[in-house]
Amino acid sequence: MIESLFVLSPTGKVIIEKHWHELIPRRVVDFFNDQVSKAMAEGEDVTREDVLPIIASPKYQLINVYRDGLTYLSPVTKEVDPMMVFEFLHRIPDIMQEYFGQVSETVIKENFVTVYQLLEEMMDDGFPLTTEPNSLKEIVPAPNILNKVITTMGATTSVSTRKMPNGMSNLPWRKAGVKYNSNEIFFDIVEEIDAIVDSTGKAVSCEAHGTIQTNSRLSGMPDLTLSFVNPRLVDDCSFHQSVRFNKWESDKVLSFVPPDGHFRLMSYRVNLPSQQNLPIQVKPSINIGANGAKFDITVSLRNTDGKAVENVVLTLPLHKSTSTLTAQCNVGQYMFDPVGKVLRWDVGKIVPRERAPVLSGSFGFGSASSEAAANAGYNIGVEFLINSHSLSGLKVDVLKLFNESYKPYKGVRTMTKAGRYQVRA
Amino acid sequence: MYNVDAYIKSLTSNAVKLSKKVQDGIVENTRDLRFENQAHFLDTNEDKMREIRKNLDSRYEKEKLDGLKRLIAMISKGRDVSEFFPDVVKNVASNSLEVRKLVYIYILRYAEQEQDLALLSINTFQKDLSDKNQLIRAMALRVMSGIRVPVISPIVMLGIKKCVTDLSPYVRKIAAHAIPKCYQLDPAQKDALMDIISTMLGDNSTFTIGSVLMAFNQVCPDRMDLIHPQYRKLCKMLVDMDEWGQITAMDLLLRYSRTQFLNPIGKSTAQPVSRTKKEKSVVKSFYSDDDSDISHHSSDSESDESEEENNSVDPDLAYLLKCALPLLQSRNSQVVLSVAKLYMHLAPAEDSYKIGRPLVRLLRTHREIQYVVLNNIVAIASQRPYVFDQFYQHFFVRSTDPVFIRNLKLDILTLIATESNITFILRELQEYVKSSNKGFVTQAIEAIGHCASNIPEMAESCLGGLLKLSYSKSDSVAAQSVVAIRRLLQQRPGDSVFMITQLTKALDEITEPLARANIFWLVGQYSSQLQTIAPDVLRKAAKTFATESESSKLQILTLGGKLVALEGTTSKTVSLLFQYVLNMARYDLDYGVRDRARFLRALVYGKQKVASATVDQDSDENDHENGQQESESTDQDAHDDDEGFEYSEKELNLSDHIKAILLSEKAAPVQENPSHGREQYKVGSMSLVLNRVVAGYEALPDWPKVQPDPSVRRLAATMEAPGYMNDRTGFGSDSAYAKSRQGQDSGPAGGKGRYDGQAGAYRGAETLDKFLESSDEETSSDEEDDSEEEETSDEEETSDEEVETSEEESGSGEEDEDDEEEEEEEEEEASSSEEEAILPAKRANGRRG
């Protein structure tokens, strides 16, 4: 049972307080803040992210989610499946994102009445009730410009009890009576590569995670069947609630009645054969001496189907005792953050068959603890993006529509991104 | 003329006024527009507070809304605004839905404090229960049941009864949610509420059923008899329920299955557990210690007991497992974990590989969810490592992982290491040693040690790796590796000679005190096999004695003592060396070292130098020294004292026993895995994550020893109406597929079908009630059995006697039941056909009205 929720600002102040069961006194938040600062004082490299998601207090288990600077704190008194609490707590910012476009302290404050209404509907006496964005939007209207104008112009057109929509559709994720002039549906296939690459350029672990983000703007109750050219590529997948499991099991097609608006249709995993599939190679070499190190990092393209790689960013966290850094690069620009001790190299766009970007230079350790620094290992975080490229090669074949008579426009985009991509030096 | 002038003047002035007014209005409104973000309500000074009351009494909706919004802002700032209750409650019947919703939020917050005033609102809710709009009806019941004022429980009860038969599944869902709330208000209503639940269990809307099961779990979790007739239906509906309903349903079905089926988890061919075996494909023979309350030690007796058990899976149980399988592809991580829970606690061990991949998939999500998944993987892997061993790459640590994730991943890597993946894991672990986080480095080294002791075949390469690390420039790495080597060698005396020789070679380079102390101890302990090297180590140590750390000094002394004890006093060099060390120690600054020297001198040379009369004194001292030593020797698992030694004998000559005292076999240290013990908890529970019992944790019921009657389920299933499939809300099932093809409104046929189904199921429940009344005795004894098991589970040791007696009881009860049951079945069938005719008609009537 999820009894209460406190949404805390980055400074630990209560922004939202909601109790679904009994009241839980606010001092629990003070206790929580104390524990967090205590945990963070333990070591210099301990961040807010390292604070345990479940903290025990004398009376409660403080289940907390930290996301985008905000803390969603739910104290529970009794045994509960913690995963369910986390899943629910994460749904809250998800829904707020859907409603307000972004989530931050100011956004919540600007819309706090709506937030309270949402929280009221999402949970009933400690058990999740309505968490589907489409159903919620029928009960709690999302703020949009039109609503704003109407209410401010003094015309009290706030829905009277008589006018309230009666038709809850019998598919909880889809509104009834949706109407569009042009019927379109867009699929964004986004694949992220997770990889750990060792210093020799060999992938220690490597896999691709794909999601199909969908934006449906179709009228009525369309029943869609989406098929792929090569569905066998998909190794393990999870679906939106609307997708029929059995159809996937038997025919490897996605059969579903889509929710209205944005939703994630499917996520899947592709196991990549090691090595040759990585689109980008980062070759670092760091020679560490007693008082400092010389380094150079080369980035080269491989296997991108001749496409350019964009938004390439490399980050190299350096040892805490690093005091000075000098470097030069032939492409892009680099930045050294002397407080966080992070070297960030913004490479930008790399076009195939152009000269490979190189960053080289040296850094020096401060006097203290240089011995430990000399033995430390280095990890380079890599970010990049390749448009209209699918690493796995997954391709949409046909979209069929049943149950409605119009012909929908189907848009498909693919994109490959770096996920948790890390190179060891 | 004047008139015209005046007229024009007034006209212009009016026009000006008008335009000004219009302008003002626009400015006003646009300002509002800009401020429509609700943040300005959060600004609360005293003036505004006074306005609130005025606002709430206003005739204008907008002002009321303003007032209410300001109140909610106050609540969220932590201010007590209960003083406004009377003003707010007046608005409960407002025509504006928006006003009402805010009023509800306020009332729910303060009703408990203002009980009498809260009663004023009840009337409106009661009226709303008959509203045409389903959302209004639902909202009325929700708020009414949420007002925590015990007096109104009968009214809530009435409301629930009214809504249970509502045509809208949403309202029925809300009614189900109201049941536990009503129960909390007034526990005396339990029986009536149970009746309602048993009726509602017949509901065939996938939208509603999850909430009904939730109510069941809250109000009467032990009434498994109510589930019998619905069991197969619930399994079938599982895939179509909403995600939260799926979680509740699986929870319930897990408990149900644990009380109704025999243990299918292959135990008969149990082999003693040892993770060291290559267990990968031979899962059938794998002893699965799945039971939450059976400790490892009682495993043998347990497997004997279940020898006669039939290992085949009950078809009903198999059906549940089959129905749950697709849910592994849910996007809700708790649903995935719940399926994993079912498979871990219900399915034969060879099926559990199915949960590996989906659980690993969850590692891609938020860190909090990763945390829970990893904890559960640790628990699962410690029992069935083969589920995860092929996914080892996913547990490799990234430099960006939070600390708690790293540690869990290390645990898992050591648990799932097999011969086939150990080389990769080992290489990876050695990579972690480079991290700048000391705690992490230590754990990585320990993990290598764990791997070696788990897979003896690989121990050599692990040791090799550790040895390399012990030369590391980083002191802490070197020290940790030596400690890990020492632990390993104690477990595997066979390897020691070579390894220790290697270590002693490195002695000159190793500076970390802890590492040196460990090497000295090792040399001393295995000196009988190191007769050529050991004295030389002592020689070297004697040279550097003065500069050694305290712990090293202690170990050098011990080493000397051991060598002398081993060779007697025959070897003069050793003896001289030892005496030299003793003399050095005598003047040491540290009293611990001085004490140890004195003790060893007395022990070794006692016979020669001390008169036998003083032996008594010595043994006293010995006692003292032992205490001292225990507190002194830090991080030394094996103490150099011999517990079996008796000091009471006065005539004892200690020096005759030197070998026994100093060179006794030391028990190998137990590898302590911090995650050990998790497997005793239910998968997915908070207790598992925290590795301790959290208040409210209920262990799983034990499998029944004797098969409970399986026909209770079949009985109801045959009566299950064919119609219920038509009323599915269709969460992706084939039936929904068919339905959406049919079109939106499946029309009266579908509706009717549902009521048939409901009636059928209802009947089943009722007759089953009757049937179970007769076998009440039996169920109660069963329950006792369960509670007993639960109590003892914490202590980990169930007394065998108790179990046996209770088994007998339930066994005899079972037989009685079987006899009665047959008779009942016949009766039941006769009566059911009658009712079948009546009930749908009744329902149909009700529907029309």
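Atoms considered below: every heavy atom in the structure, side chains included; atoms not considered: hydrogens, waters and symmetry mates. A, B, ... follow the sequence lines: proteins, then strands. Residue 1 opens every chain.
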Using heavy-atom distances under 4.5 Å, tell me whether A:Leu119 contacts chain B through its side chain, its backbone, both, or neither. neither
Under 4.5 Å heavy-atom distance to chain A, tell me which part of [X] shows up: side chain, backbone, both or neither.
{"X": "B:Thr365", "result": "backbone"}
{"X": "B:Arg148", "result": "side chain"}
{"X": "B:Phe395", "result": "neither"}

Hey, does A:Ile55 have a side-chain heavy atom less than 4.5 Å from the side chain of A:Tyr60? no
Looking at [options], which has the largest count of heavy-atom pairs under 4.5 Å with chain B?
{"options": "A:Glu249, A:Glu49, A:Glu192", "answer": "A:Glu49"}
{"options": "A:Lys13, A:Arg91, A:Glu121", "answer": "A:Arg91"}
{"options": "A:Trp20, A:Phe6, A:Tyr66", "answer": "A:Tyr66"}
{"options": "A:Val85, A:Val140, A:Thr131", "answer": "A:Thr131"}
{"options": "A:Met84, A:Lys78, A:Met266, A:Glu17", "answer": "A:Met84"}
{"options": "A:Thr77, A:Asp235, A:Leu89", "answer": "A:Asp235"}

Could you list the residues that satisfy side-chain contact (heavy atoms from CB on, under 4.5 Å) with B:Leu325, not counting sequence neighbours? B:Leu328, B:Tyr343, B:Lys354
By ring-ring contact (aromatic ring centres under 6.0 Å, His included), which residues pair with B:Tyr371, not counting sequence neighbours? B:Phe404
